[in-house]
Every structure is written in C-alpha cells, then in structure tokens.
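Okay, structure first, notes after.
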Amino acid sequence: MSIYCEVIFPLPVFQTFLYRLPEHLEQVVRIGSRVLAPLGPRKLAGYVVEIKKLEREPEFEVKEVDGCEEFVLPEKLIKLATELSRRSLSAPGLFLEMAEPPAVRQKVRMKLAITEKGLTELDSGRIKGRRREILTMLKDRDLSPLYIRRALKIKEISPLVKELAGEGLIVVKEKKIRKKQQTSAVKPHFQQLALPVWPEGMPEPAKKIIEALEKRSGGSFLLTGEFERRLEFLKPVVEFNSSNIGFTLILVPEIQRLERFQRFQKSFPWPAVVWHSQLTGKQKSETWRQLSSGQVRIILGTRAALFLPLEPLSLIIIDEEQDENYYQTEGPSFDVREAASLRALLENGLVIQMSDCPRVSTYFHHQQKATVIDLGKEEVKYTVEFHRQDAVKLLKGNFGQEVARKLEEGEKVFFLVNRKGYAGYVYCPGCGFVARCEKCRIPLKLDMNEGELICDYCGMKNPVPDSCPVCQQKLRPGRGKGSQFLKEQLERLFPGKAVELLEEGAEERDCRKALKRIMAGRSSLVVGTDYALSRLPEKSFSWLVLLSPEFTLNLPDFQAGEKTYSRISRARELLKNDEKSRLVVLTSGPPPEMLTLAVCGDYENFYRREIDYRQLLNYPPFSSLLEIGIEGRSLRSSGRGSRLLLESLHADFPTLELIGPKLTRKKWKKGQREVKLLIRLPAAETEILSYLIEFRQKKPALRLRARIFD
DNA sequence: AGCACGCCGACT
DNA sequence: GTCGGCGTGCTC
C-alpha cells in the first residue's frame with residue numbers, strides 16, 4: 001500500500017493537494033519537508049503538512065512527489081501559518097512562504113530568442129500586429145517576456161509567447177540561476193550556557209518577568225515610558241533569557257526603527273543579528289549561517305523575523321506596539337502583534353510590548369491583568385503654543401522673524417504637514433469648476449514636482465489644463481495647501497536657506513542625501529509628512545510646527561484619537577527637550593483638548609478620555625469589532641460581493657450589528673479597491689470566522705480579509 | 001499564482 | 001469573421 005502526503009503550496013488557495021510518495025522518499029519525507037511536485041503544467045515547491053495511508057484510491061488522479069529537499073519547516077511554524085490563515089482569511093501557503101529559509105528558491109530566468117524561421121517569416125511580411133512587434137524586438141537581441149510586456153504594454157504575454165514558440169518562430173531559453181549557497185539543513189539552534197547568568201540589582205517588576213521566563217508559563221507585559229528607560233529595564237531581562245532560557249526576538253515596526261537598538265544590541269556579550277525582508281540573498285545566507293552556529297541569541301527584526309525557525313523562542317519584545325505598520329496589508333494580511341502572541345503561545349514564550357503611547361485596548365487589557373510596567377517619562381521642558389492661523393500668514397509676521405533668528409543660531413525647524421503635493425484641488429475662479437478624476441469623481445490633487453494633476457484614489461495622472469474647460473479662465477490652486485506649497489513659501493520667506501522636503505514617493509537615495517544635509521546642518525528647514533517622522537533623527541529640532549494635526553482626529557475611524565496621539569507623540573521625539581525648544585500647533589478651529597494632551601505627552605488623561613468615549617459608544621475594548629475586506633477583480637465585483645455577504649450575514653446572524661460598508665483604497669495597488677465591512681462581534685468569534693471561510697468557498701473569486709479589534 | 005476556457009465588443 | 005480583453009474555474 002502506498003503512502004500519501006498532503007502538500008500546501010505558496011499560492012493564494014485554501015486547499016491542500018494530495019500526492020503519492022515514491023518508495024525512495026517514504027523514509028525521507030517528513031511533516032514540514034519541502035517537496036517538489038507537479039501542479040498542472042508546472043512544478044512547484046510546497047510543504048508537507050500530513051503523511052497518511054489511504055483505504056482506497058481517491059477518485060481523482062494522484063500524481064507523485066518529484067523530489068524532496070533537506071530543509072524541514074518546524075511543525076510549530078506550520079501551526080502558526082494555519083492559525084494565522086484561519087484568523088486572517090489569507091491563504092496558509094503565503095504564510096509558509098514567509099518562513100522559507102534563504103536561497104532555497106531557485107530562480108529561473110527566461111529569455112526569448114528569434115529562430116531562423118522567425119527571421120524569414122518576419123522578412124516575408126506575413127506577420128502582422130503584436131506578433132510582428134515582438135519578433136522585431138527580438139531581432140537585435142534576446143529579451144525576457146517581462147521586458148517585452150512592459151515595452152509593448154501588453155496585458156497578457158504568455159499566450160502570445162506560447163503561440164510564437166509553438167509555430168517555431170521563437171525559442172524559450174531557460175537559464176537556471178544557480179543557488180550561490182546551499183542553505184544548511186541545520187536550523188538555528190540554541191546553546192544553553194554552562195554557567196547560568198543571574199543578573200543582580202533588578203527592579204521588582206523585572207524579577208516578575210524573569211520568574212515567568214523561567215517557568216516558561218507564557219503571558220505578556222506592557223512596558224510604558226521613555227525609550228532609554230525601557231532599554232535599561234530590558235537589559236537584565238534579555239541577558240537572563242538569552243543566557244539561560246532561549247532566543248530573544250526584538251520586533252520593530254519598520255526597518256528604520258532598527259537603528260535605535262544598535263547600541264543596545266552591542267551591549268551583550270553575544271553576537272546579535274538583524275533580519276528583515278530587505279536583506280540581500282547573500283546577507284540572508286550569511287545571517288542564517290550565523291544563526292545555525294548556535295552563537296547568536298538575540299535577533300532584531302521586522303515581521304519577517306517572526307517566521308524564523310528559532311527554538312526555543314522564549315521572549316518576544318514588540319517595540320512601539322501602537323505602530324500601524326504592524327498590520328500588514330500586502331500579501332497575506334495579518335497583525336504582527338497577534339502573530340507574535342500566537343508564536344509565543346506555541347513556544348511557551350513571553351511577550352513584552354513596549355510603547356509610550358500604547359493603543360487604548362492594549363493598555364486596558366494589561367491594566368486589567370496588572371501587567372503594566374510604567375517606567376515614567378522625561379519632564380516636558382519645551383514650550384507649547386497654539387495658533388489659529390494659516391502657516392504662511394503666521395510666518396510673514398513676528399513668528400517668521402523668530403524663526404529666522406533661530407536659523408541664524410544654527411538651529412533646525414521641522415514642519416509636519418498632512419498633505420502631499422501642492423494643493424488639494426484646482427478650481428476656476430470664474431465659474432467654480434473643479435478638476436475631477438474621470439473614474440473616481442474626486443477632486444484631483446495638484447502636484448508641482450510632477451507638473452500634473454493626480455488622483456489620490458486611483459493614482460491616475462492628468463496634465464494640468466491651461467484653462468477652465470467651461471469658461472476658459474485660468475485655473476487656480478485651491479485651499480488646502482500641501483507640502484510643496486509650504487516648501488515654496490518657505491523658500492520665498494527665507495531666501496538663501498535650503499528647504500528639504502521629505503515625503504513618500506521620493507527616491508530612497510534622495511531621501512538619504514537630504515537627511516545627510518540636515519544632519520550636517522546644511523539644511524535647517526524641513527517640511528515633511530508622516531513619511532519623514534520615521535526617518536528624521538530624534539531630538540534634532542529646536543522648533544516643531546504641526547500644521548492642522550487635528551485633521552486626523554476627524555477621520556471616520558474609532559481609532560482616530562489614538563492614531564492622532566501616536567502621530568504627535570512620534571513628532572515630539574524629533575524635538576529637543578530643553579527650555580529653548582518650542583512646539584507650535586496650528587489649527588483651523590479651537591484646538592481640541594485631545595491635542596493639548598498629546599503635545600504634552602499626557603497619556604494618562606488622554607487614555608481616560610478615550611476609554612470613556614469607547615465605553616460610551618461600545619467600541620473596543622468593550623466590544624470586539626470584525627473588519628472584513630472584500631476585494632474582487634473589479635470594484636463592481638467587490639461591491640456585489642459585499643452586498644451578497646451582507647445579506648447572507650443578516651439572514652444567518654439576525655442580531656449582528658453592522659457598521660459600514662465603505663470603500664477603501666490601496667496605494668500599493670493603484671486602481672484596485674476593496675469594500676470594507678465593520679461588524680460588532682458577538683462573543684463567539686470562531687463561529688463567524690468559520691462562516692466566512694464557508695462563504696469564501698462558495699465565492700472563490702472574492703478575496704476576503706479579516707481583522708479583529710478587541 | 002498561472003493557465004485554459006469561454007464570452008463579448010471592435011477592428012484588420 | 002477573428003483578435004484581444006476580461007471573468008471564471010481548476011490545479012492532487
């Protein structure tokens with residue numbers, strides 16, 4: 001009787017595939033083995049999740065596994081992927097892919113070449129249209145299909161390639177890029193020190209954590225307070241864990257945040273490594289080798305590091321737990337904080353979350369469990385002032401002269417703005433016409449760098465019309481000025497001073513250059529959006545000007561308050577905390593109390609207000625919300641899908657409270673839109689999740705995404 | 001994801 | 001008529 005195995009492929013599908021194991025692999029393949037198997041016309045690498053015997057042959061034709069690699073994925077990571085898939089409604093294979101060691105994936109480079117027959121046919125003039133264009137391109141040199149596709153703007157190239165190859169007009173040359181380094185089958189492993197290290201002179205809460213680590217009883221703590229104090233507190237804890245218990249993983253929300261840990265990392269006697277998705281193949285292989293050597297005990301990284309096969313992973317530290325980057329929307333969407341807790345649970349490990357402005361729910365839950373450790377913060381020394389005035393008007397008066405004086409003293413000023421581009425819209429002063437996107441119907445944003453009108457929804461770029469299409473008057477930029485406008489005004493008001501603009505869309509290289517100029521003091525005026533917040537060095541500005549920071553407060557989002565607080569909190573980090581420094585807030589109306597609390601870093605009072613509001617409106621943590629994203633192949637199909645889902649939810653869960661639906665846009669996939677539903681969850685979340693999984697099976701063309709707030 | 005199949009409008 | 005676009009369904 002043969003032995004079979006179920007295989008999961010890194011595809012956006014929710015099924016396992018059954019294969020027969022050839023005899024010579026029966027003893028080799030294990031759960032977690034990376035195997036090569038035929039799927040349709042192609043061969044794919046997947047992971048074995050089950051090995052079994054069958055009473056009788058299944059009805060469908062079963063193919064045989066083709067080969068097996070040495071690498072075996074730990075079962076815990078398979079469990080993690082499965083569980084994350086269940087909660088997020090993303091395909092499990094996509095999570096498994098994240099756990100892949102470097103250099104296992106073999107890349108194949110495809111090149112197309114024209115044949116003799118192709119050349120004669122081309123000369124004969126019998127070939128027309130697209131086919132002719134492709135052959136003409138190939139006359140000079142071999143090209144990859146991707147290159148041709150882009151050059152000729154063809155949507156689907158593979159049928160064309162197949163056709164031409166079938167007629168013998170071109171040949172497909174496949175070149176396997178050989179693996180530079182074979183990943184060792186040795187997984188990262190942990191070596192306990194011969195002599196346990198017991199740190200001395202620890203504060204009481206640290207002892208509590210160490211006890212939990214030693215017992216391997218799991219659990220979680222929330223560390224609040226100033227960053228340096230957090231590190232100081234963590235040092236003996238990490239030292240204890242890393243010498244006696246297991247690996248320590250420090251997670252940061254984005255790559256830029258790794259830098260802050262450099263010094264911390266070096267304060268330990270063991271080599272620490274960094275792991276994130278931007279490492280090159282070579283760097284990954286090298287890091288993997290270091291991990292396999294058993295010397296490394298501390299890993300610093302982004303979400304990608306969460307899937308490293310570290311055993312035992314006894315401590316996961318999550319830095320800046322409030323950071324929105326922890327919710328990944330690209331690829332398989334999931335919450336890194338949730339995944340970290342799951343991973344810790346599988347490893348009997350402990351989680352420490354850190355932040356000086358934790359999410360309201362996080363703070364609430366930890367307060368209930370008495371696991372908040374507050375290390376206190378620095379006293380605010382800078383002065384805070386509010387103005388109800390337009391930035392440019394303000395700068396033209398006394399305020400501008402003070403800024404000029406500051407600049408003469410060699411100090412730096414940072415302006416935080418909400419809006420990219422030059423103006424939010426352009427209009428005709430004669431008839432009131434506003435230029436809009438033809439597809440999305442929203443006003444187009446004026447971008448001076450591009451010299452174009454850009455749609456914020458679909459990313460479509462349009463040339464700026466010379467005049468109003470209705471009455472032929474000259475169009476003007478409207479109110480709601482953006483970063484480019486402010487930069488232009490600053491350059492005019494402070495002639496001779498370089499103004500740097502830091503916002504998304506700039507080349508990473510240009511950004512680095514700008515940062516260098518700022519650091520060197522060659523540029524002292526900086527305009528930036530949120531993009532700048534994570535890149536600018538801490539405590540390097542003596543003036544911080546926030547332009548309409550209340551803007552985000554009014555977004556239709558129950559988390560608007562905490563998001564605004566966290567944004568301001570992050571901006572405050574850039575400000576030098578001394579008597580000479582100033583934080584200036586420009587609002588259009590009277591400043592909401594929330595802002596006053598945020599600019600002073602008064603978390604306690606912010607929290608008290610916010611938690612009252614949440615209770616009043618029955619938002620998390622007092623209820624659970626389920627966010628469902630529905631993405632179809634077009635807006636129409638997502639809309640249809642969302643209505644269908646709504647109806648069926650209403651029918652099967654009559655008491656369910658629905659908030660939504662609404663449209664969301666995704667910047668990274670221009671033009672694609674998803675419909676978002678928000679549901680107030682009854683106690684049993686599993687029930688509704690299984691319901692959604694069933695719904696997905698009935699409507700496979702829709703991509704569902706689930707996220708739970710509680 | 002890739003690929004095939006099938007439907008539909010717009011062109012040599 | 002048929003070419004190319006797009007929606008749907010399948011892969012052990």
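The structure displayed is predicted, hence computed values, not measured ones. Throughout, protein chains are lettered first and strands after them, A, B, ... in sequence-line order, and every chain is numbered starting at 1.
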For [X], report the nucleic acid contact type (base, sugar-phosphate, nothing); a contact means any heavy atom under 4.0 Å.
{"X": "A:V7", "result": "nothing"}
{"X": "A:P58", "result": "nothing"}
{"X": "A:F60", "result": "base"}
{"X": "A:R42", "result": "base"}
{"X": "A:E61", "result": "sugar-phosphate"}

Flag, side chain of A:S90 to backbone of A:S333, donor-acceptor distance under 3.5 Å: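 Side chain of A:S90 to backbone of A:S333, a donor-acceptor pair under 3.5 Å: yes, one is there.
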Using whole Å, what does the distance between atom [atom2] of nucleotide [N] and atom [atom1] of [X] come to?
{"X": "A:R20", "N": "C:dC12", "atom1": "CZ", "atom2": "C1'", "value": "10 Å"}
{"X": "A:F17", "N": "C:dC10", "atom1": "CZ", "atom2": "P", "value": "12 Å"}
{"X": "A:E64", "N": "C:dT11", "atom1": "CD", "atom2": "C1'", "value": "18 Å"}
{"X": "A:E6", "N": "C:dT11", "atom1": "CD", "atom2": "P", "value": "14 Å"}
{"X": "A:Q15", "N": "C:dT11", "atom1": "CD", "atom2": "P", "value": "8 Å"}
{"X": "A:L39", "N": "C:dT11", "atom1": "CG", "atom2": "P", "value": "9 Å"}
{"X": "A:E330", "N": "B:dA1", "atom1": "CD", "atom2": "P", "value": "13 Å"}

Result block: side-chain N/O donor-acceptor pairs under 3.5 angstrom for residues 52-63 of chain A, not counting sequence neighbours:
unit_1: A:K52; atom_1: NZ; unit_2: A:E6; atom_2: OE2; d: 2.8
unit_1: A:E57; atom_1: OE2; unit_2: A:Y4; atom_2: OH; d: 2.2
unit_1: A:E57; atom_1: OE2; unit_2: A:R20; atom_2: NH1; d: 3.0

Over-ring placement of A:R707 relative to A:Y327, 6.0 Å and 45° cut-offs: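 Yes, A:R707 lies over the aromatic ring of A:Y327.
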Pairs under 3.5 Å (N/O, protein and nucleotides 4-7 of chain B):
unit_1: B:dA4; atom_1: OP1; unit_2: A:K162; atom_2: NZ; d: 2.9

Among B:dC3, C:dC12, B:dA1, the one nearest A:P12 by side-chain distance: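 For the A:P12 side chain, the nearest candidate turns out to be B:dA1.
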Pairing residues for A:R30 by the side-chain contact (heavy atoms from CB on, under 4.5 Å) criterion, not counting sequence neighbours: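 Listed in chain order: A:S33, A:V72.
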Those residues that, when tested against A:T115, pass side-chain contact (heavy atoms from CB on, under 4.5 Å) (two or more places apart):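 For A:T115 the side-chain contact (heavy atoms from CB on, under 4.5 Å) partners, ignoring immediate neighbours, are A:K117, A:V171.
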Where at least one partner belongs to residues 11-35 of chain A, residue pairs that pass ring pair (Phe, Tyr, Trp, His ring centres under 6.0 Å), sequence neighbours excluded: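 Checked against ring pair (Phe, Tyr, Trp, His ring centres under 6.0 Å) - neighbours excluded - the pairs reaching residues 11-35 of chain A are A:F9-A:F17.
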Those residues that, when tested against A:R696, pass salt bridge (charged side-chain N to carboxylate O under 4.0 Å, His left out) (two or more places apart):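 For A:R696 there are no salt bridge (charged side-chain N to carboxylate O under 4.0 Å, His left out) partners, ignoring immediate neighbours.
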